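Predicted model only: the values in this text are computed from it and were never measured.
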Amino acid sequence: MDRQLTIATELAAWASERIRRPRTTDDTSDIREKAGPADIVTATDEAIETHARTILRREFPAYGIEGEEHGVHQGTPGAPHWLIDPVDGTTNYAHGLGWCSFSLGLATPHGEPLLGVVADPWRHEIFTATRGGGAHLNGHPIHAAHHTTLTGHVFLTEWAAHAHWPGMDDLLRQLADRHCTVRVMGSTALSLAQVAAGRATAAAIGEFHPVDGLPPLLIATEAGAVAIPRLPPYNTPLLLTAPGAADEATALWKHTVLR
């Protein structure tokens, strides 16, 4: 897995540099809608994914690839497959808000995570993990927070595109009652990765998509975070929490989201 991680990290560094290039936010000629006004893609998304696919197919020709923008390339039966989200948080990127990420993962044919990389271009940070190898930030080991309660700490979540997801409003009300500070930042991969770094005590999404969810899920769990469930089915909710707050967070999750 060392070679796969090296190539993935190099791609993350290249993508970060590409995302940081100056662009004029009042020029929308490089932006187009996909499913609707809240679901957009830019020329940068497409260029990064195209480059990543070229490198990955050259270096690992047997592997499959699934990308946010260019769909699925079938690999050799039984081979792992890559998962690419070239700019996770495209709306932020397109509007000049410095919170988006490059996400790259490797999974078994059954969807079990093997490797995860999430890059934050604006803070020059690259989160990495391999299965059983721990989680790292710029090469240094990281661990989930030691907090034993949600009260007074940060809880990150994301909309389902532009909309609230089932149970989200009840969850937010319960977190407010606990004086837990909720943030909706706009990049699933980057928000989930903050649990791995101990910056957020918990994070949750209402719709799990492997292309942007699997890499930070592996990074967070390798950092000691608890995932509910351990590996969600597609389009279902995911909760990540620091281990010391897991009982409280899980009970709240079951009462508001899973009921």
Chemist: Taking only residues two or more places apart in sequence or in another chain, which ones pass salt bridge (charged side-chain N to carboxylate O under 4.0 Å, His left out) with R199?
Modeler: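 Applying salt bridge (charged side-chain N to carboxylate O under 4.0 Å, His left out) to R199 gives E125.
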Chemist: Please check if any side-chain donor atom of Q174 sits under 3.5 Å from a side-chain acceptor atom of T256, or the reverse.
Modeler: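 Side-chain D/A pair, Q174 to T256: absent.
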Chemist: Check this for me, if you would: do R183 and E158 make a salt bridge, where the nitrogen-to-carboxylate-oxygen distance has to be below 4.0 angstrom?
Modeler: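 Between E158 and R183 there is no salt bridge, as every charged N stays at least 4.0 Å from the carboxylate O atoms.
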Chemist: Would you call P237 and W253 a side-chain contact if the rule is heavy atoms closer than 4.5 Å?
Modeler: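 Yes - at least one pair of side-chain heavy atoms lies under 4.5 Å apart.
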Chemist: Only counting residues at least two apart or in another chain, list the ones meeting salt bridge (charged side-chain N to carboxylate O under 4.0 Å, His left out) with R23.
Modeler: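 In terms of salt bridge (charged side-chain N to carboxylate O under 4.0 Å, His left out), with neighbours along the sequence ignored, R23 is linked to D30.
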Chemist: Please check this pair: side chain of E222 against backbone of G132, looking for a donor-acceptor N/O pair closer than 3.5 Å.
Modeler: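 Yes; at least one donor-acceptor contact below 3.5 Å.
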Chemist: Restricting to pairs with a member in residues 201-214, which pass side chain to side chain donor-acceptor pair (under 3.5 Å), not counting sequence neighbours?
Modeler: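 Passing the test, one end in residues 201-214: H147-T201, H209-N235.
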Chemist: Please collect all ring pair (Phe, Tyr, Trp, His ring centres under 6.0 Å) contacts where either partner lies in residues 171-199, sequence neighbours excluded, each pair once.
Modeler: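 Listed by first then second residue: nothing to list.
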Chemist: Under a 4.5 Å side-chain heavy-atom rule over Ile, Leu, Val, Met, Phe, Trp and Tyr, are F60 and I65 clustered together?
Modeler: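 Yes, F60 connects to I65 through the hydrophobic network.
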Chemist: Please confirm whether W99 and Y93 have ring centers closer than 6.0 angstrom.
Modeler: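 No, ring centres 6.0 Å or more apart.
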Chemist: In chain order, what residues pass the side chain to side chain donor-acceptor pair (under 3.5 Å) check against D169, with sequence neighbours excluded?
Modeler: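 Once residues adjacent in sequence are excluded, the partners of D169 under the side chain to side chain donor-acceptor pair (under 3.5 Å) criterion are H164.
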Chemist: Please confirm whether the backbone N or O of E59 pairs with a side-chain atom of R3, one donor and one acceptor, at under 3.5 Å?
Modeler: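 Indeed, once roles are kept as given, a pair shorter than 3.5 Å links the two residues.
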Chemist: Could you tell me which non-hydrogen atom of E69 sits nearest to which non-hydrogen atom of D45, and how far apart they are?
Modeler: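 Smallest interatomic distance, heavy atoms only, reads OE2-OD2, 3.8 Å.
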Chemist: Provide the closest heavy-atom pair for A94 versus I40 in the form atom of the first, atom of the second, distance.
Modeler: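 Closest heavy-atom pair between A94 and I40: CB-CD1, 3.9 Å.
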Chemist: Partners of T130 by side chain to side chain donor-acceptor pair (under 3.5 Å), sequence neighbours excluded?
Modeler: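 Checked T130 against side chain to side chain donor-acceptor pair (under 3.5 Å); zero matches.
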Chemist: Indicate if L104 and V87 have the same hydrophobic cluster label, given that clusters are the connected sets of ILVMFWY residues with side-chain heavy-atom separations under 4.5 angstrom.
Modeler: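 Yes: a chain of side-chain contacts under 4.5 Å links L104 to V87.
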Chemist: If you group Ile, Leu, Val, Met, Phe, Trp and Tyr by side-chain heavy-atom gaps below 4.5 Å, do I19 and I31 land in one group?
Modeler: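 No; tracing contacts between hydrophobic side chains, which count when under 4.5 Å, never links both residues.
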Chemist: What are the two closest heavy atoms between W165 and A204, and how far apart are they?
Modeler: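 Of all heavy-atom pairs spanning W165 and A204, the closest is CZ2-O, 4.3 Å.
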Chemist: In chain order, what residues pass the side chain to side chain donor-acceptor pair (under 3.5 Å) check against R123, with sequence neighbours excluded?
Modeler: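 With neighbours one apart ignored, the set is D120.
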Chemist: What distance do I7 atom CD1 and W82 atom CH2 have between them, rounded to the nearest 0.5 Å?
Modeler: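 It comes to 8.0 Å.
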Chemist: Would R178 pass as a cation-pi partner of F155, given that its NZ or CZ must be under 6.0 Å from the six-membered ring centre and within 45 degrees of the axis?
Modeler: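 Here R178 fails the 6.0 Å and 45° test against F155.
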Chemist: Is V184 reachable from L97 through a run of I, L, V, M, F, W or Y residues, each pair having side-chain heavy atoms under 4.5 Å apart?
Modeler: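 Per the 4.5 Å side-chain linkage, L97 and V184 are not co-clustered.
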Chemist: Can you check whether L192 reaches L217 side chain to side chain, under 4.5 Å on heavy atoms?
Modeler: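 The answer is no, as the side chains (C-beta and beyond) never meet within the 4.5 Å cut-off.
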Chemist: Can you name the closest pair of heavy atoms from T236 and P232 and give their distance?
Modeler: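 So the two residues come closest at OG1-CB, 3.5 Å.
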Chemist: Just jot down the side chain to side chain donor-acceptor pair (under 3.5 Å) partners of R57, sequence neighbours excluded, or say none.
Modeler: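 Listed in chain order: nothing, the list is empty.
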Chemist: With no hydrogens and no angle check, is any side-chain donor or acceptor of T108 less than 3.5 Å from a backbone partner on H110?
Modeler: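 Indeed, once roles are kept as given, a pair shorter than 3.5 Å links the two residues.
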Chemist: Could you tell me the separation between the CZ atom of R131 and the OG1 atom of T221, rounded to the nearest 0.5 Å?
Modeler: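 Those atoms lie 10.5 Å apart.
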Chemist: How long is the straight-line distance from CD of E248 back to CG of L150, given to the nearest 0.5 Å?
Modeler: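 Here the interatomic distance stands at 4.0 Å.
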Chemist: Working to the nearest 0.5 angstrom, can you tell me the gap between L114 CG and M1 CE?
Modeler: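 That separation rounds to 4.5 Å.
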Chemist: Answer yes or no: is there an ion pair linking R32 with E46, defined by an N-O contact shorter than 4.0 Å?
Modeler: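 A salt bridge links R32 with E46.
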Chemist: Looking at residues at least two apart in the chain, or sitting in another chain, which of them share a side-chain contact (heavy atoms from CB on, under 4.5 Å) with H51?
Modeler: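 Once residues adjacent in sequence are excluded, the partners of H51 under the side-chain contact (heavy atoms from CB on, under 4.5 Å) criterion are L11, W14, I55.
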Chemist: A196: which residues meet the side-chain contact (heavy atoms from CB on, under 4.5 Å) condition with it, sequence neighbours left out?
Modeler: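 Per chain and number, A196 pairs via side-chain contact (heavy atoms from CB on, under 4.5 Å) with I142, I219, A220, A223.
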Chemist: Taking only residues two or more places apart in sequence or in another chain, which ones pass salt bridge (charged side-chain N to carboxylate O under 4.0 Å, His left out) with E68?
Modeler: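 If we apply the salt bridge (charged side-chain N to carboxylate O under 4.0 Å, His left out) test to E68, skipping adjacent residues, the hits are K34.
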Chemist: Assigning hydrophobic clusters by single linkage (Ile, Leu, Val, Met, Phe, Trp, Tyr; side-chain heavy-atom cutoff under 4.5 Å), is I205 placed with V211?
Modeler: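 Hydrophobic grouping puts I205 with V211.
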Chemist: Do D88 and L190 come within less than 4.5 Å of each other through their side chains, counting heavy atoms only?
Modeler: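 Result no, sub-4.5 Å side-chain heavy-atom pair not found.
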Chemist: Taking all heavy atoms of A203 and all of S191, pick out the closest pair and write down the distance.
Modeler: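 A203 and S191 have their closest heavy atoms at CB-O, 4.2 Å.
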Chemist: In chain order, what residues pass the salt bridge (charged side-chain N to carboxylate O under 4.0 Å, His left out) check against R58, with sequence neighbours excluded?
Modeler: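 Residues passing salt bridge (charged side-chain N to carboxylate O under 4.0 Å, His left out) with R58: none at all.
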